[in-house]
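Numbered from 1 within each chain, the chains take letters A, B, ... in sequence-line order. Hydrogens, waters and symmetry mates are skipped; everything else that's a heavy atom, side chains included, is used.
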Amino acid sequence: MKYAEEFRDPKAAKALLARIAELTDEIGATKEKPVYIMEICGGHTHAIFRYGLDKLTPEGVEFIHGPGCPVCVLPMARVDECVEIAERPEVIFTTFGDAMRVPGQKKSLMQAKAAGADIRMVYSPLDALELARRNPDREVVFFGLGFETTTPSTALSIQQAARENLTNFSVFCNHITVPPPIKALLDDPHMMLDGFVGPGHVSMVIGTHPYDFIAEDYGKPIVVAGFEPLDLLQSVMMVLEQIRDGRAEVENQYARVVPEHGNPVSIAAIEDVYEMRPSFEWRGLGEIDHSGLKIREKYRAFDAEEKFGIGYAAGQRSVQEPEGCACGAVMTGRLKPTGCPQFGKGCTPEMPLGALMVSSEGACAAYYQYGGARAAEAAE
Amino acid sequence: MCLGIPGQIVKITDETRLMALADVSGVKREVNIAPVLTGAIEALIGKWALIHVGFAMAIIDEDEAAATLKALHDLGETQEAHEAMAAGDRALEAGA
């Protein structure tokens, strides 16, 4: 219970953990036959490791770390395309810092920058817009990356660029959506998931109804959760209660931030600017139908794919993952991070081979960062 | 990048572009308030919002803001957000 002392309300944490233990017994889940709960969001993965929730909960509850870390599911080919755009002399390439160290086939954006490309880390696509205003003789490209949490920001920025008639601003759109990979995982006959902890901030944008299919079509419970450790424990408890009762519902533990119907302004901007691609490639998961967004025809002047003839506009170019990298198996829950032969050897947060080691939200980086300390403590 | 961070809206800076100054754990940053604008723009002053990559995405109360900041601080996300904001400021000058 050492970690529970760190909680804002240790008493509440202990009560929730006791309730989770009772429910696990009532369900009859054991170490040999656990209930598998997937936390979809990479932020939740990070929080689970940070607070040691996987160790505090009973052995009969096993967390499977979902695909909700956008840099982790970014295929190498897309990084190569970023580098290709960034190396054009007229281009200022802007990106969230998270994407800088993701390995490409030849180099990462960080390495391309070191080699002389004008690549700049920004906090917001609004920074890229400002760069375009200040540098009318340069082409400013923003790397649009992320799930529904960041999609509104690029949609609203493109709308703003259109209002200002900026001709030197474009977005290299690689936005992806949360529900399709969940459906793909549920369709995988090898996947043994019993329930889900749903993403908090994605749901703040899209609301809770996009998850209805999980309960209605697949009969699995899902609880949208906040990021505090107590939120996560309460959500796990709610998932277990549904399992015990034989219910499958979409519940909202994070209603204080997540409205049932999401954020209307953001949803309208996304619908105005983007349309669904027929399919999109995910690292480790392959091509998934209707899972990635493309900039609509009416905003094609702001579409870097159109402007530079690159990416999905130029046809598929799938690239093999690096030899020995087991990111795909880890991401689908078939392998624990520590089961990868490269873990902590050929692949570390300082020198990542695979994308799951790059971001603090990636399962491998979380294992690496917190796993060692926990193992040492267990040995005490 | 994916987690929002609470900030308090302190001033409207551009009514046309819907920009406001927010105080994010002591760092002042201009953010877009379009997603949370439901009434008079001035009514947002003093309110707490969850801010994602420069956009206020949800209005939250002060207690929620404090609790979220604590959780984000534990995860190292507050520092990460501050570093990203500083990087954004540098990007506007670098190579210019």
Side-chain angles (χ1 to χ4, degrees), chain A residues 6 8 41-43 46-47 50-51 68-71 92 94 96-99 118 120-128 130-131 134-135 145-147 149-150 152-154 156-157 160 163-164 199-202 204-205 226-231 256-259 263-266 269 359-361, chain B residues 1-6 14 16-19 24 27 29-38 48-61 63-77 79-96:
Chain A
E6 259 190 70
R8 198 157 50 92
C41 165
H46 188 186
R50 168 66 182 79
Y51 294 102
C69 161
V71 299
I92 299 175
T94 58
F96 295 128
D98 308 49
D118 191 346
R120 306 188 196 184
M121 279 188 275
V122 293
Y123 166 63
S124 166
L126 294 172
D127 296 334
E130 184 56 29
L131 266 172
R134 292 188 192 184
N135 298 273
L145 170 76
F147 290 99
T149 41
T150 54
S153 72
T154 55
L156 289 161
S157 298
Q160 182 64 32
R163 278 193 292 271
E164 293 179 34
H201 290 173
V202 160
M204 174 179 74
V205 174
F227 291 88
E228 288 180 71
L230 291 179
D231 288 330
R256 58 191 198 272
V257 169
V258 174
N263 183 282
V265 173
S266 299
S359 162
S360 61
E361 296 178 358
Chain B
M1 171 185 115
C2 291
L3 297 185
I5 183 163
D14 187 334
T16 315
R17 287 180 184 162
L18 301 178
M19 299 296 287
V24 182
V27 174
R29 172 83 198 186
E30 228 186 346
V31 301
N32 183 289
I33 48 175
V36 293
L37 189 61
T38 50
W48 287 85
L50 265 180
I51 295 165
H52 272 259
V53 296
F55 289 78
M57 298 297 297
I59 297 295
I60 53 177
D61 67 33
D63 291 344
E64 175 65 22
T68 305
L69 277 172
K70 161 80 171 71
L72 292 176
H73 180 79
D74 286 351
L75 293 175
E77 294 277 346
Q79 198 191 349
E80 208 169 280
H82 282 168
E83 282 167 7
M85 288 174 192
D89 292 342
R90 281 197 305 277
L92 295 180
E93 308 304 332

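With a 4.5 angstrom heavy-atom cutoff, A/V265 touches chain B only via side-chain atoms. Of the two parts of B/D61, neither the backbone nor the side chain holds a non-hydrogen atom closer than 4.5 Å to a non-hydrogen atom of chain A. Contact of B/L75 with chain A is made through backbone and side chain together, with heavy-atom distances under 4.5 Å. For A/E228, the parts lying near chain B are the backbone and the side chain together; criterion is any non-hydrogen pair under 4.5 Å. Heavy atoms closer than 4.5 Å to chain B are found nowhere in A/V258, neither backbone nor side chain. Heavy-atom distances place no part of B/L18 under 4.5 Å from chain A, backbone and side chain included.
Counting non-hydrogen atoms of other residues, nucleotides and ligands closer than 6.0 Å to CD of B/Q79 gives a total of 12 or fewer.
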- request: Mind running salt bridge (charged side-chain N to carboxylate O under 4.0 Å, His left out) on A/R134 and B/E93 for me, showing each step along the way?
  value: CA-CA 10 Å; A/R134 292 188 192 184; B/E93 308 304 332; 3.3 Å; yes
field: B/M19 vs A/L126, side-chain contact (heavy atoms from CB on, under 4.5 Å): CA-CA, chis, key distance, verdict
entry: CA-CA 10 Å; B/M19 299 296 287; A/L126 294 172; 3.9 Å; yes
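To the nearest 0.5 Å, the span separating CE on B/M85 from OG on A/S124 amounts to 9.5 Å. Here the straight-line distance linking atom CG of A/L156 with atom CZ of B/R17 works out to 14.0 Å at 0.5 Å rounding. In this structure, CZ on B/R29 lies 6.5 Å from OH on A/Y123, to the nearest 0.5 angstrom. The structure places CZ of A/R256 at 6.5 Å from OG1 of B/T68, a figure rounded to the nearest 0.5 Å. Expressed to the nearest 0.5 Å, how far OG1 of A/T149 lies from CZ of B/F55 amounts to 12.5 Å.
The residue among B/G88, B/P35, B/A71, B/A84 with the most heavy atom pairs within less than 4.5 Å of chain A is B/P35. No other option in B/A67, B/A58, B/A34 has as many heavy-atom pairs under 4.5 Å with chain A as B/A67. Note: A/S153 leads A/S153, A/G43, A/P199 in heavy-atom pairs under 4.5 Å with chain B.
Side-chain contact between B/L3 and A/H201 is present, with at least one heavy-atom pair separated by less than 4.5 Å.
Under the rule for a side chain to side chain contact (heavy atoms under 4.5 Å, CB included), the partners of B/A87 that lie at least two apart in sequence or sit in another chain are A/M121, B/R90.
Pairing each heavy atom of B/L92 with each of A/D127, the nearest pair is CD2-O, 3.4 Å.
Counting only distance, with no hydrogens or angles, the side chain of A/R50 and the backbone of B/D74 share a donor-acceptor pair below 3.5 Å.
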